[in-house]
Amino acid sequence: MQTILKTEHVNKYFYEPQKFQVLKDINLEVRQGEFLSLVGKSGCGKSTLLYVISTMDTDYEGTLEINGMQLTGKTQNELARFRNEHIGFVFQFHFLLPEFSVLQNVMIPALKLGKYTEKEIEARAMEKLKLLGVEEHATKRASKLSGGQQQRVAIARALINDPAIIMGDEPTGNLDSYNSQVVFDMFRQITSEFGQTIITVTHDEEFAANSDRVVEMSDGMIIGSKANLRPEKQ
Ligand SMILES: Nc1ncnc2c1ncn2[C@@H]1O[C@H](COP(=O)(O)OP(=O)(O)OP(=O)(O)O)[C@@H](O)[C@H]1O
């Protein structure tokens, strides 16, 4: 499988309250279709790394390449457009706009992209909601849904532009075990069936143990990378 994301010698510093190095020589290579969990003790730098590789944080040394495109040094506008098209985000809290309908929430990243007509976007959004099993709630206000349903809507939104990579920051952190399993199963399907890549920061040990690869961080460094054995598909 081809490399979808690569960092070389990424270092990052924070300067408040005093200077310290939060990322230390991060060399990470992720293959297309991989389901990767980023783990490590609280404060070791996982979220900071996720923000760098998602292009949201540009204040680092070293290089970042996604989908063959060198992203270090691009302007904020170029990066915002790149992100919207190539990366989907799922956070611990769904960040849906509560007063907007479920359908509108899912449509937003595609409306911003400006690649499809509104009718096409609506059809795509309904397709994603169906995939997540929440299409019957399409016209409801997002705030009317349960936490688990809202997280599924957030995943539908992350998928709307068919991004190459879905990045998650504790996507099951706020969910019960049933809904965590739903999110996990969806990520598994996204990687196995659609060949998209998942990179997610997680404290959920079961979630990590069932993903394809666990990358462990400690004190700003990658200290381990372990492939999880999975039975071959029948
Ligand atoms: N904006 C900031 N300025 C200064 N220090 C920061 C900033 N953001 C994070 N830190 C510090 O950087 C370190 C790494 O934080 P980060 O959030 O990346 O860790 P993490 O591994 O994701 O932790 P958690 O699992 O608790 O989310 C921590 O010591 C944190 O306090």
Side-chain angles (χ1 to χ4, degrees), residues 4-30 34-66 71-76 79-80 82-83 87-96 147-148 150-151 154-155 157-158 163 165-177 179-181 183-184 187 197-228:
I4 192 88
L5 183 147
K6 189 174 180 180
T7 69
E8 281 184 320
H9 306 298
V10 165
N11 294 304
K12 178 175 171 66
Y13 301 85
F14 282 127
Y15 296 90
E16 299 290 337
Q18 69 246 339
K19 182 177 174 182
F20 84 103
Q21 189 169 0
V22 61
L23 296 178
K24 300 173 181 168
D25 197 29
I26 301 287
N27 297 289
L28 177 68
E29 197 165 339
V30 184
E34 199 169 18
F35 182 168
L36 188 147
S37 293
L38 196 53
V39 305
K41 287 203 184 100
S42 198
C44 69
K46 304 180 296 294
S47 298
T48 304
L49 178 58
L50 194 75
Y51 280 82
V52 167
I53 64 177
S54 69
T55 79
M56 290 205 274
D57 181 355
T58 54
D59 181 18
Y60 61 90
E61 298 170 355
T63 59
L64 168 68
E65 193 182 299
I66 298 179
L71 294 167
T72 314
K74 296 264 184 227
T75 66
Q76 291 299 336
L79 291 175
F82 180 88
R83 265 199 305 276
I87 306 175
F89 291 95
V90 183
F91 298 98
Q92 177 169 6
F93 301 100
H94 45 76
F95 294 126
L96 298 178
Q150 293 194 32
Q151 193 62 316
I155 297 175
R157 180 182 56 187
I165 309 181
I166 315 293
M167 295 199 185
D169 198 353
E170 298 282 359
T172 60
N174 203 33
L175 300 178
D176 59 24
S177 62
N179 283 301
S180 297
Q181 189 64 44
V183 169
F184 179 86
F187 283 180
T197 306
I198 306 278
I199 303 175
T200 181
V201 165
T202 186
H203 282 287
D204 181 337
E205 286 176 19
E206 199 183 330
F207 185 99
N210 288 304
S211 60
D212 293 336
R213 181 155 66 111
V214 180
V215 170
E216 188 178 359
M217 289 184 72
S218 176
D219 188 25
M221 291 177 279
I222 290 180
I223 57 160
S225 169
K226 186 173 128 274
N228 290 323

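In each ligand, atom 1 is the first atom listed, and ligand 1 is the first ligand listed. Each residue takes its place number in the sequence, starting with 1. Heavy atoms only: backbone and side chains are in, while hydrogens, waters and symmetry mates are out.
- Using a 4.0 Å heavy-atom criterion, the residues that approach ligand 1 are Phe14, Glu16, Phe20, Val22, Lys41, Ser42, Gly43, Cys44, Gly45, Lys46, Ser47, Thr48, His203.
- Around atom NZ of Lys24, more than 12 heavy atoms belonging to other residues, nucleotides or ligands sit under 6.0 Å away.
- By the salt bridge (charged side-chain N to carboxylate O under 4.0 Å, His left out) test, Glu216 is found to be paired with no residue, residues two or more places apart in sequence or in another chain being considered.
- Considering only residues two or more places apart in sequence or on other chains, Thr197 meets the side chain to side chain donor-acceptor pair (under 3.5 Å) condition with none of them.
- Contacts classified as ring pair (Phe, Tyr, Trp, His ring centres under 6.0 Å) and involving residues 199-218 (residues at least two apart or in different chains) are given here: Phe35-Phe207, Phe184-Phe207.
- Counting only N and O atoms by type, the side chains of Arg213 and Ser225 include a donor and acceptor under 3.5 Å apart.
- Side chains of Gln21 and Asn11: a donor-acceptor N/O pair is present below 3.5 angstrom, by distance only.
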